[in-house]
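Here's the structure we're looking at; comments come further down.
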Amino acid sequence: MAIGLDDDALTRARFDTLQARIRKAPENFLDAGMILEVGRGRRDVLRGAFVAALAALGGSARAVAEEAKPAGEDAILKLPPWSTSLGRPVAATPYGMPSKYETAMLRRQSPGLTQVAASSVSFMPLQGMFGIITPSGLHFERHHQGWQEIDPSQHRLMVHGSSDEFVRKAKVYTLDDLMRIPSVSRMHFIECGANTGMEWGNVAVPTVQYTHGMLSCSEFTGVPLRTLLEDCGVDLKKAKFVLAEGADGSSMTRTIPIELVTSGEAIVAYGQNGEMLRPENGYPLRLVVPGVQGVSWVKWLRRIKVGDQPWATKDEAVHYMDLMPDGQHRQYTSIQECKSVITSPSGGQTLLDKGSYNVTGLAWSGRGKISRVDVSFDGGVNWVGAQLQTPVLPKCLTRFNVGWIWDGGPALLQSRAMDETGFVQPGYRQLRDVRGVRSIYHNNAIQSWKVSESGEVGNVQIL
Amino acid sequence: MSRFFKSLALALLLGASMPAAFALDDFAAVGRPATPAEIKAWDIDVGPDFAGLPQGSGSVEQGQAVFEEKCAVCHGSFGESNKVFSPLVGGVEKGDLVTGHVAALLRKDFPARTTFMKVATVSTLFDYIRRAMPWNAPKSLNNDQVYAVLAYLLNLSDIVTDDFVLNDRTIRDVQKIMPNRNGMTYEHSMWPSPVFSGKPVKPDTANTACMSKCKAAPELVSSLPDYALSSHGNLAEQNRSFGEVRGRKTAESAPVAEKPTPLKIAETAGCLGCHAINAKGVGPAYAEVAAKYKGENASARLVAKIRGGGAGVWGDVAMPAQEDIKDADLQAVVAWVLAGAAEK
């Protein structure tokens, strides 16, 4: 026998240990009645249970001795250190961090895209994200003049008009002020107008992080801009445009459509995913303009001005204009049209083996809710409907899933989204027919991933 | 009159609502009026109709001096550099001033798109330079300097002559000859209302949700060349090592880094964006710094200066506070600078 004690002796030893524990147990663990019963000689009941348990233990111990190699995995048969040791205490990391094994999911730059890192982009790792919310620390970044750490107690928001006609009482708000006003929390996607911009003419980058990673989605909390404008005595009949301006070095300015202000959708936000905005995303205040490209979501928001003329600011009169084949630039293109992408399996990945896979991805539209997503495995000849995961919200990312059995042969994966206006995401041919290949902005074409027999997935374009 | 009715009458007199009906959109106590001086301080935008344009003036010649001193380091002496950003100047022809369309935008052999090829409104440039340039010291120019430097850029683009003086009146004449002033179109559906287009415009693509036999066969027109697969590092490290897929190994893992040289540290910390070793950049050349402090024990003072930033020793341009570099790294860099900043 593998264990040196006879069953009885062992049982007694175990039982004594149990007794010791029982004695220490707080009253609310063993109630008074149970303690009494144990004291009155119900020990034999417990002993009986232990004898049975130990018989089983003895049995398996014998088996270990007899059979050198048990059938099974070490991950199960050998207890790992985390099952046999005391874990770390609470608040060991007062602001929790991802597991040390999660080193792959990071924001990354695309080499060669820009010349200096303070006017550049970092892309969100779409290839490994779940659901629809972007963890705040992975939210994509686009700065034109670096990012700043603003002292919230020194931050001010000014609201005024091009003249008194538009806003009767120009006002200044502190965060103390803004946080006293009843707030709203809404989930919305934000996409840079230049997302997928590198791929207008041909495939240029290897993975979904770089093709589509200027995209994020958060729950934003703040005050509807309309509420503030009304507080300042706005004349919404005269107002046609709003200027939003940041407090950073670039003092980023953009002309905001009044329609999204009067609808109550535009929010002066301080919250992001339950905490304050991250500095890279505009701490302590940013504008949220649902459905509109990210550059309009002015970060470090310091000023709102109401008028009846657009401002033709640098980032709507030199950049963020879409060059058409006739040499004209479309100016004030703002809405992000319906788009989708399969995030897994996707470019730069390898399938493990033949068999079943969950093909998953994201769909979104600046015009409202996603109404359906179809997925093709043969490069757009035939399509199947994907399952939309709830919640399905307006101007928010929608997660879709569809099961797929990979038979080991080549496949061409695509997704195609439709929004509640009935608009269907275009293919590359349709998009290039009207917009050519030099637009830079607003590429919402259907993305294709090629699965080869080796299981490797690559970025391709299909007409 | 009872007290209740007195206060009710008062409330009615003041137009206030009953306590139980506190309107949630009445934030009387929240925020305060903006003073005229405050509005003036921040209200710096200039619109295409020149609303908000301040008085002032500057000549091409004055502008050249400002540009050489404050802009050329990043944009090149003629606004032609693409080292830091795309070129400001180039690609504009004389004929464009007449048509208001930049012809080079149609040329397949001319991929560059400079600022002056695109911008339709000269107000945009005035507004932007005043609020955001120089990039490392935004809002440091006075209005005359903004006029001058813009006059210089207009001159480089052959829009104004060498003896031109730009001011709040002549800028309106410049607008009439801006090379791409007619280059904008509003025929699109990507603004939520027809305020620009004048009439509702439908989206410009009209795909359908066809479900089967949608085309004869997929036509593969582009795929990633092999060399581009590794252009973004090792994709194996950009995917989890568990789950339904793995990342493809496209490069060797970064070797465990040797101790970086001070030069490498300075590069990583962004110092070399402003400092070169032997040439003046935004900041002094490191060789100059070494020469200046030769024989002195300047190390601690320089470490503090770099941490806190500051101007005045080498000119008016300030070094921003360098907060991110680690203490040990900063000390190593300063020691290396003072030792002559060897480029090995």
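Throughout, protein chains are lettered first and strands after them, A, B, ... in sequence-line order, and every chain is numbered starting at 1.
Interface summary for chain B: among Lys314(A), His442(A), Glu316(A), Gln336(A), the most heavy-atom pairs under 4.5 angstrom belong to Lys314(A). Interface check for chain B: of the options Ile440(A), Ile446(A), Thr114(A), the most heavy-atom pairs under 4.5 Å are formed by Ile440(A). Taking Leu323(A), Val384(A), Asp353(A) one by one and counting their heavy-atom pairs under 4.5 Å with chain B, the maximum is reached by Leu323(A). No other option in Gln127(A), Arg108(A), Met418(A) has as many heavy-atom pairs under 4.5 Å with chain B as Arg108(A). Options Lys169(A), Gln209(A), Lys305(A) differ in how many heavy-atom pairs under 4.5 Å they form with chain B, and the most are formed by Lys305(A).
With a 4.5 angstrom heavy-atom cutoff, Ala204(A) touches chain B only via backbone atoms. Heavy atoms closer than 4.5 Å to chain A are found in the backbone of Glu187(B), but not in its side chain. No part of Leu106(A) comes within reach of chain B, as not one of its non-hydrogen atoms sits under 4.5 angstrom from that chain. The contact between Gln425(A) and chain B is made entirely by backbone atoms, counting heavy-atom distances below 4.5 Å. Contacts of Thr253(A) with chain B are made by side-chain atoms alone, with heavy-atom separations under 4.5 Å and no backbone atom involved. In this structure, chain A has no heavy atom under 4.5 Å from any part of Ala103(B). With a 4.5 angstrom heavy-atom cutoff, Glu337(A) touches chain B only via side-chain atoms. Heavy atoms closer than 4.5 Å to chain B are found in the side chain of Phe423(A), but not in its backbone. Both the backbone and the side chain of Asn202(A) come within less than 4.5 Å of a heavy atom in chain B. Proximity to chain B (any heavy atom under 4.5 Å) is shown, for Asp433(A), by neither the backbone nor the side chain. Proximity to chain B is limited to the side chain of Arg416(A), based on heavy atoms less than 4.5 angstrom apart. Using a 4.5 Å cut-off between heavy atoms, Tyr210(A) touches chain B through its side chain atoms alone. Looking at Asn182(B), only its backbone comes within 4.5 Å of chain A, counting heavy atoms on both sides. At a 4.5 Å heavy-atom cutoff, the contact between Ala206(B) and chain A is made by backbone atoms alone. Only the side chain of Lys240(A) comes within contact range of chain B, judged by heavy atoms closer than 4.5 Å. For Phe116(B), no part lies under 4.5 angstrom from a heavy atom of chain A. Neither the backbone nor the side chain of Thr250(B) comes within contact range of chain A; no heavy atoms are under 4.5 Å apart. Within the 4.5 angstrom heavy-atom criterion, atoms from both the backbone and the side chain of Val318(A) approach chain B. Only the backbone of Val46(B) comes within less than 4.5 Å of a heavy atom of chain A; no side-chain atom from C-beta onward does. Both the backbone and the side chain of Lys215(B) come within contact range of chain A, with heavy atoms under 4.5 Å apart. Interface remark: Glu245(A) contributes side-chain atoms only to the contact with chain B (heavy atom separation under 4.5 Å). In this structure, the portions of Pro426(A) lying under 4.5 Å from any heavy atom of chain B include both its backbone and its side chain.
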Name every donor-acceptor pair, under 3.5 Å, that has one atom in a side chain of residues 189-196 of chain B and the other anywhere in the protein, sequence neighbours excluded.
unit_1: Ser189(B); atom_1: OG; unit_2: Arg367(A); atom_2: NH2; d: 3.0
unit_1: Ser193(B); atom_1: OG; unit_2: Glu259(A); atom_2: OE2; d: 2.8
unit_1: Ser193(B); atom_1: OG; unit_2: Val195(B); atom_2: N; d: 3.3

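Taking 4.0 Å as the cut-off between side-chain N and carboxylate O, Arg429(A) and Glu219(B) count as a salt-bridged pair. Ion pairing between Arg303(A) and Asp45(B) holds under the 4.0 Å rule for side-chain N and carboxylate O.
Checked against a 6.0 Å centroid threshold, the rings of Tyr441(A) and His188(B) do not count as neighbours.
Judged by distance alone, the side chains of Thr207(A) and His232(B) never bring a donor and an acceptor atom under 3.5 Å apart.
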> Please walk me through it: do Arg248(B) and Gln349(A) pass side-chain contact (heavy atoms from CB on, under 4.5 Å)?
Replying inline: CA-CA 5 Å; Arg248(B) 290 166 68 175; Gln349(A) 299 180 333; 5.9 Å; no

> Given Trp383(A) and Ser212(B), is the side-chain contact (heavy atoms from CB on, under 4.5 Å) satisfied, shown in steps?
Replying inline: CA-CA 6 Å; Trp383(A) 298 80; Ser212(B) 62; over 6 Å; no

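Checked by atom type and distance alone, the side chain of Lys139(B) pairs as donor or acceptor with a backbone atom of Gly249(A) at under 3.5 Å. Between the side chain of Arg131(B) and the backbone N or O of Ser250(A) there is no donor-acceptor pair closer than 3.5 Å.
Between the CZ atom in Arg32(B) and the CZ atom in Arg156(A) there is a gap of 7.0 Å [rounded to 0.5 Å].
The side-chain contact (heavy atoms from CB on, under 4.5 Å) test applied to Pro138(B) returns Gln145(A), not counting sequence neighbours.
The nearest pair of heavy atoms linking Ala312(A) to Thr124(B) is O-OG1, 2.7 Å.
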